[in-house]
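Values in this document were obtained by computation on a predicted structure and should not be read as measured data. Chain A is the first sequence line, chain B the second, and so forth, proteins listed ahead of strands; every chain is numbered from 1.
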Amino acid sequence: MTSLLEVSDLRVTHRGSPIVDGVDFKLDRGEALGLAGESGCGKTTTALALMKLLPPALTQSGSMTLRPEGAEEPINLGRRTEAGMQLVRWRHISLVFQGAMNSLDPVQRIDAQMAEAIRLHSDQKGGKEVGRKISDLFKTVGLPVSAARRYPHELSGGQRQRVMIALALCCDPSLVIADEPTTALDVVMQAQVLQLLERLRESLGLALILISHDLGVLGETCDRIAIMYAGRIVETGPVRSVFDDPQHPYTKLLLDSLPVIGGERGLAPPIPGAPPDPGSPPEGCRFRPRCPYAKDECLADPPLREVAKGQSAACHFAPWKKWPDPRAAAAAGKKA
Amino acid sequence: MSGRWLAGKAAAAVVTLVFVIVFNFFLFRVMGDPTTQFTRIPNITPTELADLRSDYGLDKPLLTGQFVDYIGDTASFDLGTSQRSRRAVWTEIKDALPWTLLLVGVGTLLATLIGSWLGVIAATRRGRNSDNGLLGFSLFTYAAPEYWIGIILILVFAFWIPILPAGLQMTPGVEFSSWVSEVTDVAEHLILPATAMTLMLLGQYFLIMRSSMVDVLTEDFITVKRATGLPWDRVVSRHAVPNALLPLVTLSAIQFGAVVGGAITIETIFSWPGLGELTFQAINDKDFPVLQGVFLVFSAGVIFANLLADCLYFYLDPRVKAD
Ligand SMILES: Nc1ncnc2c1ncn2[C@@H]1O[C@H](COP(=O)(O)OP(=O)(O)OP(=O)(O)O)[C@@H](O)[C@H]1O
Ligand SMILES: [Mg+2]
């Protein structure tokens with residue numbers, strides 16, 4: 001089976017300094033991929049690059065191939081011009097944005113904004129048809145149909161995020177990119193919105209790229225997960241394998257720092273240090289300065305390679321059979 | 001409810017107007033005894049002076065006499081008599097007002113349209129040559145005094161290249177064969193003063209629209225609209241501009257005070273027989289009743305413009321209705 005989206009060597013630079021530095025991944029039809037990593041590692045930039053929506057200050061390169069259902073030929077996103085991208089956007093890939101508060105035009109009614117998107121990509125120009133489509137979508141995302149006549153400020157944050165999801169679905173895309181769709185919401189709302197996304201994915205056969213720094217959220221929703229560090233994917237694989245048996249020290253420490261509810265420690269130790277400045281990354285492995293297991297080998301750049309079934313990691317020492325105690329390892333590393 | 005909101009705004013406007021009327025009375029008494037003006041008439045006798053004082057009601061007690069008369073007269077549109085022309089102030093104002101409305105209306109309309117249009121263009125080309133050029137041009141017109149602009153226009157288009165009249169509102173002493181030729185004549189006379197007015201106001205509208213657009217264009221919903229596949233020009237015209245217009249509406253109302261100041265200068269330079277020129281002459285002649293009347297009309301104009309802006313804002317921004 002050919003995959004829905006194939007990205008290889010995606011790079012984004014800002015005045016020559018890399019922000020996204022050679023990202024490769026594949027996404028199957030109907031698959032949910034989680035993208036995790038610390039703030040500033042390039043998750044949103046990657047998402048915007050997939051739709052070629054980066055601000056003019058950023059330049060992108062690399063190949064991105066989309067094979068939507070029913071399309072005769074694969075769409076080469078990397079080569080598409082702005083006009084060509086306008087036909088792909090929302091028709092095949094849609095976006096639920098980080099911070100739903102400002103994702104809608106504040107001075108236009110919601111139904112007008114949805115109708116605009118629907119009319120843009122379909123031949124349904126009739127007001128009745130479009131109206132029916134909008135009320136169907138509102139029912140799908142669990143909103144009262146009357147909310148469509150409202151202005152964005154008249155809805156709560158949770159309702160607005162549902163509107164955004166309805167908007168993302170309005171042209172029946174094959175891929176939805178959701179960039180931290182729940183960050184601004186309370187826990188209950190968060191769970192509801194995530195359940196909604198999961199349900200829709202199953203019933204509509206959508207592929208989903210879910211971006212979050214909350215590994216717990218990704219673990220529940222996604223099939224596969226990719227961990228980003230300083231503009232690169234450092235580990236990727238099926239969610240269960242990565243969670244149960246991480247193969248990159250960064251993933252390992254990230255998982256260890258998750259608070260365990262009912263666990264002994266209230267607060268887990270965070271990873272010491274800060275991510276590198278993307279403009280001047282350290283030589284070799286980018287995680288080296290913060291890695292307790294770093295050795296001389298790490299001065300060479302580790303490639304992302306398959307280390308277990310379906311699971312890849314960018315670490316010279318993978319596969320890790322067992323993880324030494326990080327503190328002891330760090331102390332030993334210093335002595336050596 | 002929108003009706004109650006409007007009623008509240010209208011009530012506030014009326015209260016402001018009443019305050020202006022009261023203030024106007026005391027302002028002109030603080031400025032000194034108007035009859036000192038008459039003592040410049042050579043050989044005036046004390047009895048003649050006393051007669052004049054009683055003619056103008058200046059012998060009555062200030063609060064219980066003059067103030068009560070003033071309020072009553074103002075309420076019935078009796079603004080007194082011009083000391084210069086001996087005509088009723090209200091008549092003088094009524095004759096001048098249409099000319100001012102024409103000039104200010106055309107100037108404001110053109111400045112708003114051209115200024116905001118250029119602002120949109122500059123904001124969408126931020127940092128490029130066209131943006132820098134427009135920025136320079138508008139800062140220049142903004143900084144240039146309006147009398148200077150007026151004189152340059154007269155110099156260039158009435159003397160060096162004599163294609164337009166240098167002043168007045170229509171050719172004097174001409175019997176117009178039809179209303180069409182009369183309108184054409186007025187329009188010809190309007191071009192230069194209206195251009196001066198437009199240039200005077202343009203800069204601010206441009207700068208506000210530009211910065212407002214620059215702000216709006218960084219908002220998330222602009223990226224979302226682009227993500228839906230909407231072409232850029234439609235993202236700008238349908239979503240960015242309507243949002244960016246909001247500060248412009250408020251500015252237009254606040255600007256109205258500056259418009260009044262500019263009207264005085266421009267009308268005087270172009271001998272345009274509006275309220276501005278009337279004011280200028282009244283200042284020269286120390287014609288207090290006319291000044292008092294013109295002040296009142298200008299203040300009422302500013303208050304009305306603000307009310308209008310509030311209504312427009314209410315119509316344009318649905319979020320206003322929420323509070
Ligand atoms: N327009 C821009 N100009 C210059 N640098 C930018 C621009 N946009 C993003 N960056 C830089 O790119 C890097 C990645 O930003 P990005 O928004 O993709 O991070 P993120 O992983 O989404 O973080 P978060 O979890 O906080 O949303 C950051 O270091 C940021 O400073
Ligand atoms: Mg982000």
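Scanning both residues, B/A227 and A/L95, for their nearest heavy atoms gives CB-CD2, 4.3 Å. Closest heavy-atom contact between A/P106 and B/F221: CD-CE2, 3.5 Å. Shortest non-hydrogen contact noted between B/R238 and A/D105 is O-OD2, 4.1 Å.
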Next item on the list: May I have the step-by-step check of side-chain contact (heavy atoms from CB on, under 4.5 Å) for A/Q113 and B/K225, ending in yes or no?
Entry: CA-CA 9 Å; A/Q113 303 191 42; B/K225 293 301 169 202; 2.7 Å; yes
Check: A/L120 and B/R234: side-chain contact (heavy atoms from CB on, under 4.5 Å), yes or no, with the steps?
Finding: CA-CA 11 Å; A/L120 214 49; B/R234 281 201 271 167; 3.7 Å; yes
Next item on the list: Go through A/E116 and B/H239 one step at a time and tell me if the side-chain contact (heavy atoms from CB on, under 4.5 Å) criterion holds.
Entry: CA-CA 11 Å; A/E116 182 183 57; B/H239 299 286; 2.8 Å; yes
Next item on the list: Apply the test side-chain contact (heavy atoms from CB on, under 4.5 Å) to residues A/E82 and B/R226: give CA-CA distance (whole Å), side-chain angles for both, the deciding distance (0.1 Å), then the verdict.
Entry: CA-CA 10 Å; A/E82 170 68 20; B/R226 267 210 320 134; 4.1 Å; yes
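There is no contact between A/L87 and chain B, counting heavy-atom distances below 4.5 Å. The contact between A/L54 and chain B is made entirely by backbone atoms, counting heavy-atom distances below 4.5 Å. If you measure heavy-atom distances from A/L53 to chain B, the contacts under 4.5 Å come from both the backbone and the side chain.
Within 6.0 Å of atom CG in B/N129, 12 or fewer heavy atoms from other residues, nucleotides or ligands are found, so the atom counts as exposed in its surroundings. Atom CZ of A/R80 has more than 12 heavy atoms from other residues, nucleotides or ligands within 6.0 Å. Residue B/Y313 places its OH atom among more than 12 non-hydrogen atoms of other residues, nucleotides or ligands, all under 6.0 Å distant.
A donor-acceptor pair under 3.5 Å is formed between the side chain of A/H121 and the backbone N or O of B/T228.
For the options B/I222, B/L230, B/T223, heavy-atom pairs under 4.5 Å to chain A are most numerous at B/L230.
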